[in-house]
Amino acid sequence: MSFGSGTCWDGSETLLHGEFGAYPPKGTRYVLSLTRTELHIQRLVPKPDTDHRVVVRLIDVIGCHTLRSHTIANQSAYFCVYSYPLKKRKVAVGLSRTRQRAAKTFQVDSSELYEDNQKVAEKWAAAIKCLVLGVSLASETEITRSLLPRPRRLLLLLNPYGGKGNALQWCQTHILPMITEADISFNLIRTERQNHARELVQGISLAEWDGIVVISGDGLLHEVINGLMERPDWEEAIKMPLGILPCGSGNALAASINFSAGFEQVLGQELLTNCTLLLCHGAVSPMDLVSITTSSGSRFFSFLSVAWGFISDVDIESEKYRHMGSARFTLGTVVRLASLNTYRGRLSYLPAPDCTTHRPILRSITMAANGSLPFQHLPLHRTVSDMGLCEERRTFCFRDVESSDEPTPSPGSPPPSSSFRSSSFNFETLTGDLVADGHGPLRVNSATTTPAITPARQVHGPLDDFLTPLDQPVPKSWVTVEDDFVLVLGIYQTHLGADLFTVPWASFNDGLIHLCYVKAGISRAALIRLFLAMEKGTHFEQECSHVTHLPVRAFRIEPLTNKGIITVDGERVEYGPIQGQIHHNFANLVTGTNRVKVTPF
Ligand code: ADP
Ligand code: MG
């Protein structure tokens, strides 16, 4: 051994240390050291390789399974670590880094008895899983499976029409294989129409789920949040951890989560892989919501943005280019720039007091340089989809047994993904067998579900203590600007789209609505420069006199131009006076990391 017990070669504390064989068995042996953030792998046989250590970062790891051989005579136990590290890849222009799956299997063979080897394999698997899930481990902690929380049960809601319409395919190829390796139990429901998800979440039994995850764009999460807020038990319901796996054209929240984890800004399947990885880690952070009131008296909740003018025009008018995915917004921007509209209106706001987050010195930001439950007919609602997915059989299966010594899952473990022949997912393989390590399959108790409510929406939620009714003047402490605007935007996340890094200093729970507006008179060239710079989040450095950013607690928009489009979270709402106020730390978001700071209001 080249480093002393208790510390790793880089000085960090070692929690576990051991010597193992490799699988497939080629005579290679390794020394493994586990610290709180990394797994260090050093080759011992055939030739100690002190210069070359493989370091697996635990942020890239999603799970670890124990396995055993088909052959009874083989007394070894195995554990397989599933990670998705960034690998350099040649692209048309230079190199890019993308995540690629790596499953490393180690053979525990120090004892002649399987039971002893199995205990060691279990200990390593439990330690790795604890660290991935953020369960703290002290060096003196006795590591056993009992330290692990029970596997999470997630309700996955998939919009097959989000984005370019490939959510179902990406779910098979990316999401389900990963969450299975992470021992997450799930029920997957494909939405059948608009507001289906909204109605579904009104009928679920909260105790049965550890989280609700949308596989779509921002629009489906908007439905889920409002469905939860329409429940009589909204106060408890809105605390349900919410996740998003980006398969839409507007993936702003997913991009904000990706940024908060310190990952490079990426699009498409790379953003999806990053977000699925973070979902597997599971850490939850508080998130602000904004309650919105419109002139017809309807009230609902928003997690992302309110837009009027250029941005909402592009969002809605580009619906016809939906087949282009997120590129629809670029084309929509070009088209709208050619006939730039301005809108007269009154914008009022309540400035945030003593706000240190107003245009801070920019942080240095790294940019792009750089199973389950068997799929069952869940009796949540009679419209629960049958899932065409179920018909695709046996494509995600064990490879034909070439060697009788091939490891299989230890009792209770899921199948080893390292032996999967195809990345296409098969529900049948996982039937009744998702949960690792001896836990039985989970059951969903249908008796506690309640019928879906009628379309009439009931308004619930906390008091809007900053707002006066829309037909009354705003309070005296507010500021009002009457002008011609190119756009007005209230945003409460860093990103307005996967590549629109709109408010780099925003955070999920800063208690702020970042009010941005652009006044008429800005040249087209300046507006183009603004949007181009937004990809890297440098647009505020341009010091354009037509552009204003203000951190506020509440706002009111009163359009004086007759026709126009207003969107909330990218969804069109009635045109007319609209107002909103922040509700601090109101919801919970699965961000996967604990880097999010809890800010006082
Ligand atoms: P995108 O980012 O591509 O717009 P969204 O998740 O925002 O994707 O969804 C777009 C719209 O589709 C939302 O208004 C959502 O409510 C709606 N929707 C959800 N499920 C369905 C469905 N099965 N059929 C049609 N529309 C749906
Ligand atoms: Mg949308």
Side-chain angles (χ1 to χ4, degrees), residues 155-171 175 188-202 212-230 242-258 267-269 271-272 275 292 298 300-307 311-333 380-389 452 455 457 491 493 495-500 565-574 589:
L155 176 58
L156 309 182
L157 300 174
L158 181 149
N159 173 4
Y161 301 107
K164 286 185 192 167
N166 45 18
L168 208 57
Q169 187 199 335
W170 286 6
C171 189
I175 300 169
L188 175 61
I189 298 176
R190 181 169 56 175
T191 61
E192 293 174 346
R193 61 197 146 74
Q194 194 164 35
N195 285 323
H196 185 186
R198 189 174 183 144
E199 288 155 19
L200 275 171
V201 301
Q202 291 175 46
I212 302 174
V213 177
V214 298
I215 301 175
S216 187
D218 298 307
L220 201 65
L221 186 63
H222 179 83
E223 279 193 23
V224 166
I225 285 174
N226 283 287
L228 293 172
M229 288 305 295
E230 281 155 15
L242 302 172
I244 188 158
L245 296 178
C247 290
S249 35
N251 298 314
L253 185 63
S256 304
I257 292 171
N258 184 68
L267 304 174
Q269 297 178 39
L271 180 61
L272 177 62
C275 289
I292 302 286
S298 81
F300 48 91
F301 287 80
S302 156
F303 64 92
L304 174 63
S305 64
V306 175
I311 289 171
S312 50
D313 290 350
V314 168
D315 203 350
I316 300 307
E317 289 167 6
S318 69
E319 272 287 339
K320 51 181 173 284
Y321 316 123
R322 175 166 280 278
H323 62 279
M324 297 176 69
S326 62
R328 82 182 219 210
F329 300 122
T330 313
L331 180 59
T333 302
L380 294 170
H381 191 277
R382 66 185 163 77
T383 56
V384 164
S385 164
D386 219 304
M387 294 295 299
L389 276 169
R457 310 259 182 248
I491 174 169
Q493 305 293 350
H495 285 68
L496 187 61
D499 54 0
L500 290 175
I565 296 172
I566 295 177
T567 55
V568 174
D569 300 346
E571 301 295 302
R572 191 172 189 164
V573 298
E574 66 184 272
L589 183 68

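Starting from 1, each residue takes its place in the sequence as its number. Ligands are counted one by one from 1 in listed order, and the atoms in each one are counted from 1 as well.
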Under a 4.0 angstrom heavy-atom cut-off, which atoms of ligand 1 come close to [X]?
X	value
Glu192	22 (C), 23 (N)
Thr191	19 (C), 20 (N), 21 (C), 22 (C), 23 (N)
Leu220	6 (O), 19 (C)
Glu571	7 (O), 13 (C), 14 (O)
Gly163	1 (P), 3 (O)
Tyr161	22 (C), 23 (N), 24 (N), 25 (C)
Ser249	1 (P), 2 (O), 3 (O), 4 (O)
Gly250	2 (O)

- Message: If you take the nearest heavy atom of each of Leu158, Asn159, Asp315, which one is closest to atom 10 (C) of ligand 1?
- Response: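 Checking each option, the heavy atom nearest atom 10 (C) of ligand 1 is found in Asn159.
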- Evaluating non-hydrogen atoms only, which member of Gln194, Arg198, Lys164 is closest to atom 27 (C) of ligand 1?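 The nearest heavy atom belongs to Gln194.
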- Query: Does some non-hydrogen atom of His196 fall short of 4.0 Å from ligand 1?
  - Reply: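 The answer is no: ligand 1 sits nowhere under 4.0 Å from a heavy atom of His196.
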- Message: Please determine whether any non-hydrogen atom of Gly570 lies less than 4.0 Å from an atom of ligand 1.
- Response: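 Under 4.0 Å: no for Gly570.
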- On the 0 to 90° scale, with breaks at 30° and 60°, tag the Phe303-His222 ring pair as parallel, tilted or perpendicular.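 Phe303 vs His222 ring planes: tilted.
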Any N or O of [X] that comes nearer than 3.5 Å to an N or O of ligand 1?
X	answer
Pro160	no
Gly162	no
Ser216	yes

For a 4.5 angstrom cut-off between non-hydrogen side-chain atoms, does [X] reach [Y]?
X	Y	value
Glu571	Glu223	no
Glu199	Arg193	yes
Ile175	Leu188	no
Leu155	Leu200	no
Arg328	Glu319	yes
Ile566	Ser312	no

- Query: Any sub-3.5 Å donor-acceptor pair from Asn159's side-chain atoms to Thr191's backbone N or O?
  - Reply: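 Between the backbone of Thr191 and the side chain of Asn159 there is no qualifying donor-acceptor contact (under 3.5 Å).
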- Message: Given 3.5 Å as the limit, does a donor-acceptor pair link the side chain of Asp569 with the main chain of Gly219, or not?
- Response: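 No, because the side chain of Asp569 does not come within donor-acceptor range (under 3.5 Å) of the backbone of Gly219.
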- Query: Pick from Ile311, Leu500, Leu496: which one makes a side-chain contact (heavy atoms from CB on, under 4.5 Å) with Ile491?
  - Reply: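 The residue from Ile311, Leu500, Leu496 that satisfies side-chain contact (heavy atoms from CB on, under 4.5 Å) with Ile491 turns out to be Leu496.
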- Query: Taking heavy atoms and a distance under 4.0 Å, where does Glu223 meet ligand 1: side chain, backbone, both or neither?
  - Reply: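 Side chain only.
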